[in-house]
Amino acid sequence: MALKLYNTLSQKKEEFIPLKKGEVKMYICGPTVYNFIHIGNARPFVIFETLKRYLEYKGYKVKWVQNFTDIDDKMINNAQKLKITVAELAERFIQEYFVDADFLNLQRAEVHPRATEHITEIIALIEKLERKGYAYNIEGDVFFEVNKFKDYGKLSGQNIDELRKGARIEVDLRKKNTIDFALWKKSKPGEPFWPSPWGEGRPGWHIECSAMSMKYLGETIDIHAGGSDLIFPHHENEIAQSEAATGQPFVKYWLHNGYIFLDNQKMSKSLGNIMKVRELSKRFRGEAVRYFILSAHYRSPLNFSEEQLQQAEASVQRIENVILNLEHSLKQSKIKEDILEDQEKQILEQKNESAQQFIMALDDDFNTPVAISHLFNFAKIINRYLASNEGKSKLVLEESKNFYYTFAGKVLGIIKEKKKTTDLNQEIEELLKEREQARNKKDWKKSDQIREELKRKGVILEDTPEGVRLRRIN
RNA sequence: GGCGGCAUAGCCAAGUGGGAAGGCAGAGGACUGCAAAUCCUUCAUCCUCGGUUCAAAUCCGAGUGCCGCCUCCA
């Protein structure tokens, strides 16, 4: 089955064919580490990390790079405000990023390069552009001359003349053209700087991604992804500088996700309508936040609300429950080996069908909401089977469990392996025994009290026809 | 002004020509000592108006409302 992805460059869904068979090189624009990330920042990280998981599931070897922007105006301003150095600020928020990333169940990229650690490569790239006549130096500021790059605007569908008209930015009159952008910025007093052929300064914003993408992944890569707001100018400029320098296509598939809205407006730090991931982590589980993000198609807008997160919690729990139900049944005595009845053969077929549908959905431009719906479809089927009183087939239970661990766990990352409920402490064991005795005596009051007490200790107790079942509150 | 997106149930969200998926919430029922979990049943004139078609949520046209990018931004 072929994976199709919507390529911003062609504005069409295209079949995904990697440059090198069996291997995928992808670069995700990471955070500028001047503050905590918010849920809008987290969306592309979750989406494209999930895409990476899916590519791996499909058997690709994925090389995934995600950068940290650790030098720019915002970094400098915030460092000044906090009275620390830019480097200290970066260090702090890189650590904080990883705390949030772990909460979101994000796997690490193969490399997390930082702009300031690649000044040599950046300078070399600018020099190359200068040699080829695409860059010009004015008093220590180096600009990219957009008019020299004929494909400028191909990603964002803009043409140069319109861009000129629409320019709202305060224009640096020294530039040859209003839309020329900075490759290297001369440092002002008090700002961090690095020596360069053009004097002391620092890299422009766009050049770092070009330099690091090329360094770790090569001149042409398969996938470059980020939020839609990066299409212009960031990614447009990356294309210009990279392709001007190498003469090669920079990226085969450009992927962009839609925004997260809060109060009907794009969530953004400058508007101040943000919800930090750190804030959410105090009230919701990472699984639920992940589910929330994956519950809409990645290119659609997604509205943030507390209610949405609560619904996501409940939905995740339904999937966790089906796994719990399966595991509970597997521990029962009435388990059958091998022999399958017709009904059971049918269930296995339905499981395969659901798996296939799940894959088809993701193959169709990574349609996670549809994929998720198939997890629920099969949940109904398997729960129905589990609710019957007959002996259960071990094979059916195992395969079903596997289905969820593979798709909900490994691929989507919306469930984690649970702490084993078997490692109960002695106190809880005692309470369980006590309650069992009370129930035998039909002392419901005491029995209910103990159930309440267990709940306070983080264990939810459920009575089933096959004995008590325990569930941990996370 | 240029480029682009969105509008489907109480809430979320798929579907882009022929059955309106799925989740959350709600209602009723089954099971249970009670809960919980689970199962069964139930829950949509697809923003408006025209048009094309045997057939439209889906295609075309007009309109309404909301939003984004063109400035740092995921």
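This structure is a prediction, so every number in the text was calculated from the model and none was measured. Below, chain A is the first sequence line, B the second, and so on; all start at residue 1.
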Result for salt bridge (Lys or Arg N to Asp or Glu O under 4.0 Å) between A:D141 and one of A:K186, A:R174, A:K175, A:R202 points to A:R174
Look at all strands and tell whether A:H297 reaches a base, only sugar-phosphate, or nothing, counting heavy atoms closer than 4.0 Å.
sugar-phosphate
Identify whether any heavy atom of A:E307 sits under 4.0 Å from a base atom; if not, whether one sits that close to sugar-phosphate; answer base, sugar-phosphate or nothing.
sugar-phosphate
Please determine whether a side-chain nitrogen or oxygen atom of A:R469 lies at a distance below 4.0 Å from atom OP1 or OP2 of B:U38.
no
Using a cut-off of strictly less than 4.0 Å, decide whether A:N367 has a side-chain nitrogen or oxygen near OP1 or OP2 of B:G15.
yes
If you look at every strand shown and take non-hydrogen atoms under 4.0 Å, does A:F376 touch a base, only sugar-phosphate, or nothing?
sugar-phosphate
Sugar-phosphate, base or nothing in reach of A:D463, heavy atoms under 4.0 Å:
base
Would you say A:R384 reaches B:C40's phosphate, i.e. side-chain N/O to OP1/OP2 under 4.0 Å?
yes
Would you kindly check whether a donor in the side chain of A:D229 faces an acceptor in the base of B:G68, or vice versa, at under 3.5 angstrom?
no
Phosphate oxygens OP1/OP2 of B:A35: is one of them under 4.0 Å from a side-chain N or O of A:K455?
no
Answer with base, sugar-phosphate or nothing: what part of the nucleic acid does A:I231 contact at a heavy-atom distance below 4.0 Å?
nothing
In plain terms, say whether A:K13 and A:D364 are close enough for a salt bridge, that is, a side-chain N and a carboxylate O under 4.0 Å apart.
yes
Mind checking if A:S315 touches a base, just sugar-phosphate, or nothing, with heavy atoms under 4.0 Å?
sugar-phosphate
Pairwise C1' distance, B:G4 and B:G18 [rounded to whole Å]:
32 Å
Within the structure, does a side-chain N or O atom of A:S300 lie under 4.0 Å from either OP1 or OP2 of B:A14?
yes
Check: A:F93 ring centre within less than 6.0 Å of A:Y34 ring centre:
no
Among B:A13, B:G23, B:A74, find the nucleotide with the atom closest to the side chain of A:L302.
B:A13
Does A:N321 reach a base, just sugar-phosphate, or nothing at all? Heavy atoms under 4.0 Å.
sugar-phosphate
Looking at every heavy atom in both A:N105 and A:G413, which two are closest together, and how far apart are they?
ND2-O, 3.1 Å
Of the nucleotides B:G33, B:A14, B:C69, which one has an atom closest to the side chain of A:P369?
B:A14
What's the closest nucleotide to the A:R471 side chain, out of B:A21, B:C39, B:A37?
B:A37
Is A:Q311 side chain donor-acceptor paired with the B:C11 base, going by distance under 3.5 Å alone?
yes
